[in-house]
Amino acid sequence: MTATTAATGPEERLRRLNHREELLLSDAEHLLIKRCMARLGFPYYRSGGLTPEEQRPVGYVQDDVGWARKHGYGSRILEKGNRARLDNPNAAYRKTLSAKRSRAYARALNGGKEAKVLSAEVPGGGTIRKRVGGCSGEAEEQLYGDLGTWFTADKVADNLQGLYVGDVLADKRFTTVVGKWSRCMKRAGHHYADPGEAREAVRQQAGEIPRDEAFEAERKIAAADATCARETSLRAVAEEREAHYIDKLRGEYGTALDTAGRIQRDALARARKIVGARSRPVP
C-alpha cells in the first residue's frame with residue numbers, strides 16, 4: 001500500500017514490498033528462528049518446495065509476460081506449495097519426539113500456552129489476534145522491534161483495502177484503462193471484461209477439461225493478460241489510483257501507515273545485516 005501527503009516524503013511512505021524484499025525478510029526470520037532453536041537443542045528446517053521465482057506473488061494486475069508464459073496464473077505453484085506444507089519437515093521431526101520433548105519443542109518454537117496474545121482492531125470492524133512467543137516471537141522482535149506497535153500498525157495498513165477497493169474499481173481512470181485492456185484481450189481472441197473475469201474463467205475451466213490441456217489454456221490466457229496489462233500500463237494506473245484513495249484515508253489512519261512504513265524500512269535494514277550476501281533462501 002502506498003500513501004503520501006505534502007508533509008510526507010517518499011521515504012516515509014508505506015509501500016508494498018517487492019518480491020526480493022519479501023524473500024529477504026523471510027530468510028532473515030528463518031535464520032533467526034534456526035539459531036534460537038539450536039541454542040535450545042532443537043533443529044529447525046525451512047519448509048521447502050518452492051523456488052524464489054515460484055514464490056513471487058501474483059496480484060490483480062500481472063504484467064510479467066515471461067512468468068505468465070511459464071506459470072500461467074500460478075495454479076501448479078499453488079499445488080506444489082500445498083504439497084510442501086503437508087510435507088513440513090518440522091512437523092515430521094516433531095513426530096519423532098517423545099510427548100515430553102514434543103511439548104518442549106512447541107514451547108521453544110512458539111512459547112506454548114504462556115505466550116502473549118497481540119490484538120489489533122482493524123479498519124471496517126473486527127479484531128485480529130496473534131499469539132507470539134518462543135523463538136518465533138524472538139525472531140520477529142529482532143526484526144520489527146516492539147511487536148505490539150508493529151502488529152497494530154501492520155494489521156491496520158493491511159486491512160485498509162476493504163475501505164477503498166470499491167472506489168478504485170469504480171474510478172473513471174481505472175475503468176478506462178481496464179476497457180483498453182479488455183479490447184486488447186479481445187484482439188488476442190479472449191473476451192473478458194477485466195483480469196478478474198479472465199482468472200475466474202481459467203479456474204472454472206480447470207475442472208472441465210484434462211489437466212494438461214487446462215494448464216496450457218491457463219498459460220495462454222495469462223500471457224495475453226500480462227501482455228495487455230503491459231501495453232495499457234494497467235499496473236501503473238492501478239497503483240496510482242490505489243495510492244490516491246489510500247491518501248484520502250490518512251486523516252484517520254495516517255499514524256498507523258507512517259508507523260508501519262518506518263518499522264518496515266528498519267526491518268529490511270536489519271534483515272540485510274542478518275542474511276548478509278546470501279542470494280538464495282537459507283536451508
More than 12 heavy atoms from other groups under 6.0 Å of NZ on K80: yes

Side chain to side chain, M37 and P43, heavy atoms closer than 4.5 Å: no

Distance-only polar pair, side chains of D225 and Y73, donor-acceptor under 3.5 Å: yes

Donor on one side chain, acceptor on other, D154 and Y144, under 3.5 Å: no

Full working for side chain to side chain contact (heavy atoms under 4.5 Å, CB included) between L109 and N90: CA-CA 10 Å; L109 181 58; N90 295 302; 5.8 Å; no

Test item: R219 side-chain N/O and R69 main-chain N/O as donor-acceptor pair under 3.5 Å: yes

Sub-4.5 Å side-chain heavy-atom contact between E138 and E141: no

Side-chain touch D247/R250, heavy atoms, less than 4.5 angstrom: yes

Which residues share a side-chain hydrogen bond (donor to acceptor under 3.5 Å, both in side chains) with R85, sequence neighbours left out: N82

Under 3.5 Å donor-acceptor, R262 side chain and D258 backbone: no

Donor-acceptor under 3.5 Å (S182 side chain, V178 main chain): no

Note, Q62 side chain near R199 side chain (heavy atom, < 4.5 Å): yes

Test item: E197 side-chain N/O and A193 main-chain N/O as donor-acceptor pair under 3.5 Å: yes

T127 side chain vs A120 backbone, donor-acceptor pair below 3.5 Å: no

Passing option when H71 is tested against E53, E218, R76 for side chain to side chain donor-acceptor pair (under 3.5 Å): E53

Residues R272, L268; criterion side chain to side chain contact (heavy atoms under 4.5 Å, CB included); working and verdict: CA-CA 6 Å; R272 291 187 182 97; L268 284 169; 3.8 Å; yes

Close side-chain approach of I274 and L143, heavy atoms under 4.5 Å: yes

Value rounded to 0.5 Å, distance of CZ in R83 from CG in L50: 9.5 Å

Closest approach of Y192 to A201 (non-hydrogen atoms, all atoms of both residues): CE2-CB, 3.5 Å

Close side-chain approach of D167 to R241, heavy-atom, < 4.5 Å: no

From Y105 atom OH to L97 atom CG, the distance as rounded to the nearest 0.5 Å: 8.0 Å

Exam field: side chain H30 to backbone Y44, donor-acceptor pair closer than 3.5 Å: no

Shared hydrophobic cluster for I221 and V65 (ILVMFWY, side-chain gaps under 4.5 Å): no

Side chain to side chain contact (heavy atoms under 4.5 Å, CB included) assessment of D266 paired with R270: CA-CA 6 Å; D266 291 346; R270 295 185 187 109; 3.8 Å; yes

Which atom of P123 lies closest to which atom of L163, heavy atoms considered: CB-CD1, 3.6 Å

Any D63 side-chain heavy atom under 4.5 Å of L234 side chain: no

Sidechain-backbone polar pair: R107 side chain, G112 backbone, donor-acceptor under 3.5 Å: no

Side chains of L160 and L257 in contact at under 4.5 Å (non-hydrogen atoms): yes

W67 and V58: CA distance, side-chain angles, deciding distance, side chain to side chain contact (heavy atoms under 4.5 Å, CB included) verdict: CA-CA 10 Å; W67 195 95; V58 181; 3.4 Å; yes

Sidechain-backbone polar pair: S102 side chain, S98 backbone, donor-acceptor under 3.5 Å: no

Minimum-distance pair of heavy atoms, taken over all atoms of L40 and C135: CD1-SG, 3.8 Å

Single-linkage hydrophobic cluster, 4.5 Å side-chain cutoff, V165 and Y60 together: yes

Exam field: side chain N110 to backbone G134, donor-acceptor pair closer than 3.5 Å: no

Sidechain-backbone polar pair: T175 side chain, K172 backbone, donor-acceptor under 3.5 Å: yes

Heavy-atom neighbours of Q205 CD exceed 12 at 6.0 Å: yes

